[in-house]
Amino acid sequence: MTTLQDAAPPPGARTTGSRTTGSRASAALRLAGRRLAWALPLVVVISLAVFALAAVSPTDAAASFLGARDEFAGAAARQGVEGLLGDRHWLASWWEWVVGAPGGDLGWSTSVRADVGAVVAARLPWTLLLMVLGLALAAVLGVVLALVAALRPHGVLARVLAGGLWALSAVPSFLVATTLMAVLSLGLGWLPAGGLTDPGAPVTAAQVGRHLVLPVLAVALSQLPWIALHLHRATTDQLRTTSTEAARLRGVPERRVLARHVLPGAAVPTLAIAGARLPEVVAGSVLVEQVFGWPGLGQGLVQAALAQDFALLAAATVLLTGVALLGGLLADLALVRIDPRTDPDAL
Amino acid sequence: MADTTTTATTTAGTAPRTGRGTGSGSGPGTDPHAHAAATVRVRGLTIAHGDAVVLDGVDLDLVPGTVHAVLGTSGAGKSTVVAALTGTLPRGTRVEGSAVLETTDGTRVDLLGAPRRARRRGLAGRVVGTAPQGAGGAFTPTMTVGAHLREVQRVAGRGRPRLGAAHPHLGAASRRQLVELAHAAGAEPGWLERYPHQLSGGQLSRLGLVAAMVHHPPVLLADEPTAGLDAEATRTVGALLAAYAAAGHTVLVITHDVALARQTAHLVTRVARGRVVAQGAPADVLVDDAPVARPARSVAADAPALVARAVAAVRGDRPVLAPTDLAVRRGEVVGLTGPSGVGKSTLAALLARLDPPDGGQVVLAGAPGPERAGFDLPPAERRRVAWVSQHPHLAVDPRLPLRRTVELPARLADPGADVTALVTGLAGRLGLDPALLDRRPHEVSGGELQRACVVRALALAPEFLVLDEVTSMLDAATAADILDVVADEAAAGAGVLLVSHDVASLRAVCDRVLKLHPGAGGAVLRPLPDADPTPLRKDPA
Amino acid sequence: MPHRPAPFRVTTHGGPSAPRLARAGAVPAAVVLGLVLAGCSGGSPAPASAPASSTLALAESAEYTTLNPLEQPLGITGKMYDGLVRVGADGVLEPGLASAMPTPDEDLTTWTVTLREDVTFSDGTAFDAQDVVAAYTAVRDPAYGSPLATDYEMVESVTAPDPTTVVFELSYPYAGLPARLTLGVPAAEALGASVADSALASEPVGTGPYEVAEWRRGDSLTLAARDDWWGGTAQVTTIHLVFVPDETARAQRVRSGEVDGAQLSPLTAASLDGADGIEVVTNPSADFRAISLPSTLPFFADARVRVALNLATDRDAMVEGILQGDGVAVSTPFTPAQGDAWSPDAAFEHDPDGAAALLDAAGWTAGPGGVRAKDGVPLAFDLMYFADDTLRRDVAQAFASDMAQVGVEVRLEGVDRPQAVAGMRDKAFVLGGGDMPYDPDPQVYRVLHSAFAPYDEDDAYSNPSMYADPQVDALLDTARREPDAAARAATYRELQARLIADPPMVTVFALEHTYVARGLDAWDGVVPVVEPHEHGVAWGPWWNVQEWTAR
Amino acid sequence: MRSDPYAPARPAIRPRPVGVITAARPRALPAGRVVAAAGLVVLVLYALLVPVLVPVDLDRVDYATGPTPPSLAHPFGTDLAGRDLLVRGAHGLRVSLVAALAGATGAVVLGCLVGAACALVGGRLDRWGMRVVDGVNAVPHLLLGIVVAAALRGSLLTIVLVVAATHWTQTARLVRAELLALGTRDFYRAAVSLGLTRRQVLRHHAAPRLAAQLAVALGLLVPHAVWHESTLTFLGLGLPPHQPSLGALLDLGQQALLSGAWWTLAAPAGLLVAVTLCLAGCLAGRTEDHHG
């Protein structure tokens with residue numbers, strides 16, 4: 001082999017910035033830290049916005065406190081309730097809420113007559129469960145559809161996929177949910193129409209599982225279009241790149257080419273978009289919860305809005321935004337993990 | 001069909017170049033690292049896609065121990081040869097002819113007919129190694145270079161290579177093997193652990209070849225291995241290919257780079273519009289490609305000049321350009337070269353007064369008032385110096401048809417003039433079909449777009465021309481046309497600064513050539529001596 | 001089967017403690033595991049068992065805001081609390097915690113109530129007069145924040161001479177007190193300083209037949225029968241109340257057998273009638289809808305115009321169209337639920353031609369574009385309705401259609417509560433009523449009496465037409481003070497005749513609350529009742545579920 | 001968050017696409033675009049002409065007839081209150097389109113102002129402006145919509161305000177990127193040497209390019225705004241029920257679903273999906289051309 005060695009010129013050409021994996025992990029941590037540091041003031045501003053809107057809103061707290069009884073409450077009773085609710089300036093009540101929030105005291109909900117903390121603690125896990133499963137199902141379906149359509153570009157599925165999914169993306173998620181309920185539970189009666197469990201049944205995995213199918217399917221279908229279309233376009237592009245061709249020419253079997261060379265590359269643009277799409281997932285799940293009566297924080301938020309219960313509304317908005325931000329961070333961290341070219345400091 | 005007698009090509013034994021070095025290329029079996037060698041005989045290769053005939057009756061002979069270079073301008077069908085041999089032709093192409101691969105231990109395979117799956121398991125990577133086009137293209141950005149190589153080893157490790165080649169390399173531990181290969185290619189083992197985006201074009205090109213050589217396949221196909229590389233990196237890749245051939249393998253190189261062909265090839269085939277126009281030893285095939293020397297111009301010493309006095313440039317806190325003096329007199333063509341990224345474009349932009357210098361000033365005779373740059377200069381003053389950039393498709397508004405882009409500046413400068421006639425004349429001079437002007441930028445080729453940009457610049461009858469790497473993305477023919485026009489303009493009295501990394505073409509057209517050398521305090525400008533001290537070494541031994 | 005996680009329950013009032021968060025979070029995690037095992041088994045849930053199963057599942061339209069009886073009277077709290085007086089079959093009042101009906105002195109200013117002794121609260125503590133005094137003191141104290149404060153403004157004092165008797169001192173003679181003693185009595189200790197921080201909101205402590213077993217926020221509330229209830233242990237031992245805000249989903253879950261009953265709008269109920277074992281149950285109520293005619297508007301000062309509008313309204317078409325026949329056309333705030341105090345012949349016939357003639361006579365002749373006008377003022381007004389109440393929207397749209405036929409322009413406006421209160425001064429409004437139907441006085445006094453005529457921002461819904469008629473005032477006050485029931489009824493019938501002559505508003509109909517139920521034939525004791533304005537699954541056929549006996 | 005404000009958008013930057021029907025839409029075939037444009041014209045004419053040609057008193061209810069399936073007399077059938085869904089559909093579509101158009105225009109105008117301010121003033125305003133843009137993008141738009149609708153209940157203005165307040169960020173990014181590019185792209189440096197003045201560059205190149213992109217952004221915002229209107233009204237926070245809008249019709253349709261009147265849901269749902277598809281079909285294809 002001597003002939004090859006001395007032919008080579010002295011190595012040492014200039015290399016672009018090299019990053020050991022260690023410093024990349026610390027950069028990712030810095031990214032998470034930056035996001036958290038940025039999320040806190042954002043959350044405070046949002047809660048300020050909710051309280052300010054409450055102040056601007058023409059509603060008076062007594063009417064929403066009395067709710068259905070408002071029409072039959074006499075003058076003395078209404079004045080009593082107004083006295084009870086107090087008339088602190090909205091900025092003071094907002095400040096008290098912000099100071100109390102980290103300690104877990106999220107204020108008192110007028111529409112539920114209980115601590116907002118208790119309500120949120122009971123409802124948030126169900127929302128997270130719905131969103132995580134919905135997104136996971138959408139991702140799995142998205143990958144399968146994208147791969148099959150990309151591998152057989154002239155097949156029936158590819159044509160159907162593009163048109164069908166694009167049409168599905170034009171249907172708002174509450175319509176998807178309603179149609180699913182109409183067909184699968186009203187029409188065919190296979191699945192319960194909603195709720196956490198069958199009435200009276202204890203909260204067991206089987207019960208909740210059966211009631212989870214339709215809402216998860218609704219969330220998945222409302223998120224499937226953008227995932228599948230982005231993945232399909234990225235996979236098609238990735239299949240055409242020279243690096244995939246080179247891998248095949250090096251004798252790497254097709255399955256490995258797809259798994260190691262095509263999919264990670266295809267995932268990069270999709271993950272880059274994912275961070276911006278997650279707020280849509282949260283919004284979608286709020287609607288699905290309302291249609292299926294799923295006792296999540298989304299349904300709580302809508303009821304708080306209808307009852308103009310601004311303490312619960314502020315807490316729900318802040319928490320759901322937090323979930324969206326956390327989702328965005330996770331998507332970006334996954335992006336940093338998969339794509340070495342993405343510089344965490346630039347995100 | 002299997003015509004065993006060799007035609008004009010010579011067998012491995014006689015080395016077309018003297019001093020090929022002993023011990024290499026001698027008959028199979030006797031060399032210390034001898035292993036199965038393979039010849040590929042391509043006869044009557046004809047490929048048509050739809051109604052366009054891409055290749056018509058191409059005959060090639062790839063002989064172990066030799067480098068066979070297929071040369072031709074872009075679009076002449078060169079890359080289709082590799083696609084045919086590796087079975088990666090696009091769907092719906094008609095292929096005729098044969099490409100018989102025959103190895104010393106008796107295996108005969110027709111590469112054109114081999115079914116895709118059999119090809120994948122048997123040939124690809126083990127018998128026929130391919131380094132596809134594009135410097136960085138061979139590597140998936142999300143994996144380290146080492147991961148690619150280890151993947152190939154793991155995949156191939158399962159079955160002994162069918163050819164039973166006992167090769168010193170394959171014996172050693174796989175980890176050791178990669179380090180050895182890297183050294184052979186002049187690549188540091190450290191590079192293997194990096195991601196493709198962290199390596200330069202030259203490094204990636206070499207590692208791409210290494211990736212194709214992991215199993216020392218007897219046949220290596222390299223498609224445009226040096227596209228977009230600077231002279232030094234091209235020389236390195238050329239040396240690697242020559243050494244690989246010398247080790248008893250068969251190498252086919254597809255390139256448009258005449259220098260590479262002259263440096264490495266034992267046999268050259270020139271292809272134009274899908275047909276073989278010349279085939280034989282490099283000396284007689286490449287004779288007419290030497291850059292034609294243009295008549296030297298005599299330039300009056302006191303001609304009006306565009307002068308940069310001690311101009312310097314700083315980006316962020318890093319000095320890019322040390323204080324530099326550069327003067328371009330009217331009627332003179334000054335060449336400027338240097339390694340990529342040293343600051344050639346920065347100096348060119350300063351001279352063209354696009355950006356204000358961080359030190360010193362740029363003076364043009366007859367320019368009123370203090371030195372200014374960019375939009376601050378009055379339009380009439382700016383039109384005296386034309387600037388054309390390297391990437392034509394970035395320099396035009398993608399939405400407008402070419403005619404409007406080219407004529408707009410001239411119309412704004414002098415609403416009265418008959419701009420259309422002027423532009424049509426200039427287009428003719430640059431070999432640009434006026435009908436193309438009605439198309440949009442993405443509907444024409446890069447070469448045609450660059451010609452349009454030059455027309456747009458010349459339409460303002462500038463006194464000076466600053467051309468920043470205008471020919472690097474073009475093929476030889478287009479580049480030659482543009483350089484002819486540059487020479488004519490200089491003869492007509494315009495001063496030209498021509499920036500390029502292709503020293504050969506610079507020497508052919510410039511009166512004097514300067515080179516920017518990287519330095520601690522920023523790049524330093526020094527004249528380039530006539531004879532370049534580092535001749536192109538072809539002979540590896 | 002995966003392990004059954006600890007029952008999931010929102011307990012005490014304290015701030016959220018970390019463990020609960022963890023436990024609450026643990027349940028979904030267990031669920032995810034279970035999902036893998038359970039998968040989605042097909043087949044609709046088990047059909048309701050024919051024999052009398054001791055559990056009942058009902059779909060409620062909204063989650064309860066509070067279980068405090070002083071805030072939520074006559075609703076679901078009726079299952080956990082007892083009042084001194086109880087509503088019996090057909091809405092006839094009967095003794096509850098009182099051993100006998102309350103007895104007034106001869107000038108109706110002092111009422112004495114004797115209490116039962118065998119009563120205990122759900123937390124085991126004893127029930128006595130002190131609890132009654134504490135309850136009626138708190139409800140009257142505006143600082144406590146109960147919406148019922150003004151219903152007891154005639155009560156001067158409540159005292160307990162001994163543990164088993166309570167004496168109510170009134171500031172003026174009042175015959176209708178028993179109807180106001182249906183207030184649920186919680187344990188005195190649990191009352192708290194106000195409704196805001198009273199534990200009763202989610203932890204009821206009452207003497208009623210049921211107690212709260214489990215409340216899953218946003219999903220369901222489960223009631224369990226008390227074995228030590230003074231009225232005997234209920235045979236229906238468990239009631240599951242599922243919160244299903246969406247009416248279509250409610251109907252679907254009844255049809256699929258998931259729940260045994262629900263309250264539905266007349267149209268949806270009709271669509272389920274007869275489907276496998278489902279029957280529609282309607283209960284009469286004094287819950288009337290009327291359109292106020294504010295006298296501040298020029299044309300409503302003239303009684304003939306108000307009579308004309310009443311004549312032009314097609315009440316029967318509304319009952320058939322909007323209520324699918326489940327309702328009674330009425331022309332005054334009095335309804336059949338008031339028994340013999342209701343006079344059937346005090347009613348307006350639908351006579352659009354008569355109405356047109358009357359309007360012409362009153363000078364409101366048809367102007368340009370078909371809208372009547374008089375010396376330049378068009379007979380056109382705005383009609384407000386609560387935007388989120390589909391029934392009132394339908395009434396408003398039907399009324400506007402009827403008015404358009406006689407040349408009266410009605411502009412509709414969907415409003416929320418503050419907009420309604422603000423607009424009450426000069427806009428018509430679709431009024432609801434019948435909050436306390438068991439005595440004619442609370443049913444009509446605040447709607448008709450001129451004391452409530454002037455616009456009061458805090459009490460805009462009382463007498464929204466700002467109607468003042470001395471003769472009506474006199475009849476209302478004499479009826480309040482009349483001890484003899486028959487004489488009282490006669491006075492109210494004479495009042496209704498007066499209301500026909502000079503109608504304060506256009507009363508259109510009284511609702512019958514419609515429910516769908518399954519498996520009622522397996523029980524004895526299912527009887528109709530007169531319902532208040534509020535209608536949930538606490539009423540309907542299940543109002544006396546604690547007294548059902550298996551057939 | 002971006003270290004180098006002038007760096008062109010790299011994959012790491014998260015542009016906030018408006019609704020999924022933007023770039024992800026497979027390239028619209030010219031034929032597809034013609035069909036979409038035709039569909040849009042038909043829908044707009046339907047929404048504008050029908051309410052004028054068929055002057056029916058919206059409040060006229062006719063419970064006697066009640067819900068009847070689609071027939072010649074009533075091509076879309078009638079709803080629970082016996083009202084013709086063809087006419088109510090037109091009114092609904094018109095109200096929704098007006099609300100959406102106003103909201104989208106508001107969003108684009110606000111976006112332009114902020115984008116231009118950030119790009120031209122630069123420095124701290126640019127950084128803080130981008131902070132606000134990322135902030136508004138982080139909050140799910142529907143949540144912002146619900147909060148605003150909860151406070152300022154049930155009027156057309158609320159819907160327009162909600163759409164404008166939540167959707168201006170995408171336009172702001174667009175305008176800012178375009179104006180910032182003035183300094184960096186070879187295209188503009190060539191213009192310098194060709195003797196064009198700043199105003200000429202703006203007039204001939206920057207403005208037409210920006211106008212085309214803003215038109216596309218506006219077009220894509222309208223279907224998104226129609227969604228918001230119908231979602232908020234569906235939740236009971238949007239337009240008052242007696243005023244027909246797509247959201248109200250969908251809400252009514254869902255209620256009638258059980259009693260078998262499927263067409264009361266199908267009519268508005270069909271209209272909503274059709275208008276979304278047509279608008280996206282016309283414009284989505286155009287977004288790629290402008291990345292050239």
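Computed over heavy atoms, backbone and side chain alike; hydrogens, waters and symmetry mates excluded. First the proteins, then the strands, lettered A, B, ... as listed; each starts at 1.
- Summarising the geometry, atom OG1 belonging to B:Thr86 is positioned 7.0 Å from atom CD belonging to A:Glu245; distances are rounded to the nearest 0.5 Å.
- Heavy atoms from other residues, nucleotides or ligands lying under 6.0 Å from CZ of A:Arg341 number more than 12.
- The two residues A:Pro340 and B:Pro141 have their closest heavy-atom pair at CG-O, 3.1 Å.
- The 12-atom threshold is not exceeded at CZ of A:Arg152, counting heavy atoms of other residues, nucleotides or ligands nearer than 6.0 Å.
- B:Thr140 and A:His261 make their closest contact through OG1-ND1, 2.6 Å (heavy atoms, listed as atom of the first residue, atom of the second, distance).
- The two atoms that bring A:Arg260 and B:Thr142 nearest to each other are O-OG1, 4.3 Å, heavy atoms only.
- Note that CZ of A:Arg250 and CG of B:Leu149 are 7.5 Å apart. Values are rounded to the nearest 0.5 Å.
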Q.
Evaluate A:Val252 against B:Glu151 for side-chain contact (heavy atoms from CB on, under 4.5 Å), listing each step before the verdict.
A. CA-CA 8 Å; A:Val252 178; B:Glu151 177 184 49; 3.8 Å; yes
